[in-house]
Q: 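The structure follows.
Hydrogens, waters and symmetry mates are skipped; everything else that's a heavy atom, side chains included, is used.
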Amino acid sequence: MASLSEFRKWDKVAKDLEEQTKLEDDADRAAADKALGKDKVALSEDHKKEMVKAEQARLAKIALDKQRELEENSKAVITSLPEGQSSLLVDDTYLEGKKVICLKGIEGPGTVTVKTMKPIIKVFVDDCTSGLKLVLDSQVLTSHVEVHKTSDFTLAISKTISTVQLDVCQGVTVEYGDDLFEGDDDRVYFAGVSDLTIKYKGQAIQCDYKRDGATKVNEASEEEYQFVVWYEKGSLKKDSLMRIGNKFLTGSTVENSALDDVAREAIALEKLKEAEQHKLEGNDAFKQGEYAQAVLFYTMAIDKVEGSSVPSAAPSDPKKPSLQATCLANRSACFLKLGHHEKALDDGKACAEADPKYIKGHFRRGLALHAMGRYKEALESLVKALELEPKNKQVKDAMKFA
């Protein structure tokens, strides 16, 4: 798996912001001390150390402000095509020494061609629409392009770019020139992107975060679920990304690699969280009477947790059944509502086998058998359910009809 250094940049951004805030606080404290005259004389050894820190903070803030100014001055922000024209050439003359290109809010149709003799540092595209095309024919030192909240947009790559990151976009096409998408680090990452097409060597791969299985995980929304596309052994490939500790691994790597016990447990827990989320989505759909949709969510949950080494609860505890058993019982209930009695029976059996002391497996099996007219077998399953919970009113009522 190639290095995913672009994801680590967010950790660096967070650390930089934290350091920046500390420097600004220290500088404000130094200014207040100066107003009180405390900066002139050290009142104690501790105070002397504080004065040194304050001076260091002041100098650091000055350096930070200069760095910000330099970065801002290095940006060429392009917000529109020339009036009455449908194309724009961004060359060395146009940039006037600036090294970072930002396309922001440009409405097409039209083409922006970046073709410089001198290398640039980075390229950003934000909120561009309506058939805009960016032709990138310059060396990019970071080998990185970011596209954010952009629709109906084409990125044509004519020089090596290792990483393209797309976030919350729609209707984007990425076209690679010959031999420009075969490096070990060449990747397209996307999150929250629908109707994405990536083209290379006469092939095209279609991507859509919803169709590709994006899910809400913990506090992260579906739009934050990451995917990756790359070229390998003559074909374009696509996979999801899963964060394991500080690493990002593809779904296939997680499934197939020989990982250590700690990594395997982390993976199992991550899958469990996703399965729990699907179960909750299934519960909501069931409450709304959307039984077919609920079946889909419960199936997704079962697929995630099946074979997991980290169960949600001890299967021997009837009050805390395993997640797999719960979803099987719930899906069986959906099939009963939909009139698919054989499928309901299969799930009831599977639930009882997964967790023999969970009452709902036997109960659902009994209801399915009753619906199929197999009353004797239904009664046997309901008796097992009653043995687990002798006071269960639902089971008693069902037995009266069996």
Side-chain angles (χ1 to χ4, degrees), residues 192 194 208-225 269-306 308 310-315 317-355 357-372 378 381-382 384-386 388-389 391-402:
S194 56
D208 187 290
Y209 77 106
K210 288 187 176 179
R211 289 197 300 267
D212 292 333
T215 58
K216 181 179 178 182
V217 181
N218 298 331
E219 299 302 316
S221 67
E222 289 182 355
E223 291 185 339
E224 294 173 280
Y225 197 99
L269 286 171
E270 192 68 28
K271 286 187 175 182
L272 184 60
K273 290 175 184 177
E274 294 182 26
E276 288 279 5
Q277 180 61 38
H278 288 317
K279 185 194 80 171
L280 293 175
E281 292 169 333
N283 292 349
D284 288 340
F286 187 90
K287 290 175 184 176
Q288 298 297 323
E290 299 172 355
Y291 305 119
Q293 188 67 27
V295 165
L296 175 63
F297 285 127
Y298 290 135
T299 301
M300 291 169 71
I302 292 165
D303 290 343
K304 286 287 181 184
V305 81
E306 201 165 24
S308 171
V310 183
S312 59
D317 183 354
K319 294 182 180 179
K320 293 183 179 180
S322 67
L323 180 59
Q324 183 181 8
T326 300
C327 291
L328 284 167
N330 291 355
R331 192 172 68 176
S332 178
C334 293
F335 283 137
L336 282 168
K337 292 284 188 180
L338 293 168
H340 301 322
H341 302 141
E342 288 188 3
K343 291 181 178 180
L345 175 59
D346 289 341
D347 276 353
K349 287 180 179 178
C351 177
E353 290 171 1
D355 197 342
K357 295 188 177 181
Y358 182 38
I359 185 175
K360 286 190 178 180
H362 304 288
F363 182 57
R364 300 282 186 239
R365 183 173 181 272
L367 293 182
L369 287 166
H370 184 274
M372 297 168 71
S381 291
L382 294 173
K384 287 182 181 178
L386 194 63
L388 291 170
E389 290 187 22
K391 296 182 179 180
N392 190 297
K393 186 176 185 300
Q394 274 189 308
V395 177
K396 290 181 177 179
D397 289 344
M399 289 181 70
K400 292 177 182 178
F401 293 98

Q: Could you state the interatomic distance from CG (N283) to OH (Y298), rounded to the nearest 0.5 Å?
A: 3.5 Å
Q: What's the shortest heavy-atom distance between P321 and T326, and which atoms?
A: CG-OG1, 3.3 Å
Q: Is there a side-chain contact between T215 and M300 (heavy atoms, below 4.5 Å)?
A: yes
Q: Are any non-hydrogen side-chain atoms of R331 and I302 less than 4.5 angstrom apart?
A: yes
Q: Less than 4.5 Å apart, side chain to side chain, heavy atoms only: is that true for V395 and M399?
A: yes
Q: Where do N392 and L386 come nearest, in terms of heavy atoms and distance?
A: O-CD1, 4.3 Å
Q: Should F286 and K337 count as side-chain neighbours, where that means a heavy-atom distance under 4.5 Å?
A: yes
Q: Considering only NZ, NE, NH1 and NH2 on the basic side and carboxylate oxygens on the acidic side, decide whether K279 and E276 come within less than 4.0 Å.
A: yes
Q: Using every non-hydrogen atom in the two residues, find where C351 and G361 come nearest and quote the distance to one decimal.
A: SG-CA, 3.4 Å
Q: Closest approach of A294 and C334, non-hydrogen atoms and distance?
A: CB-SG, 3.6 Å
Q: Quick check against the 3.5 Å criterion: does Q293 have a side-chain atom that pairs as donor or acceptor with the backbone of E290?
A: no
Q: Using 0.5 Å steps for rounding, measure from the CG atom of L369 to the CD atom of E342.
A: 11.0 Å
Q: Is the backbone of K349 close enough, under 3.5 Å, to the side chain of R365 for a donor and an acceptor to pair up by distance?
A: no
Q: Distance check, rounded to the nearest 0.5 Å: H278 atom NE2 versus K304 atom NZ?
A: 5.5 Å
Q: If you compare all heavy atoms of I359 against all heavy atoms of A385, which two are closest, and at what distance to 0.1 Å?
A: CD1-O, 3.5 Å
Q: If you measure from NZ on K360 to CG on N330, what distance do you get to the nearest 0.5 Å?
A: 6.0 Å
Q: So how far is it from H370 NE2 to H341 NE2, rounded to the nearest 0.5 Å?
A: 11.0 Å
Q: Quick one: pull up CZ in F335 and CG in D346 and give me the separation to the nearest 0.5 Å.
A: 9.0 Å
Q: Closest heavy-atom contact between S332 and A344?
A: OG-O, 2.8 Å
Q: So F363 and S381, do their side chains get closer than 4.5 Å, heavy atoms only?
A: no
Q: Do the non-hydrogen side-chain atoms of L338 and V295 ever get within less than 4.5 Å of each other?
A: yes
Q: Distance alone, cut at 3.5 Å: any donor-acceptor contact between the side chains of D212 and Y225?
A: no
Q: Is any side-chain heavy atom of L388 less than 4.5 Å from a side-chain heavy atom of H362?
A: yes
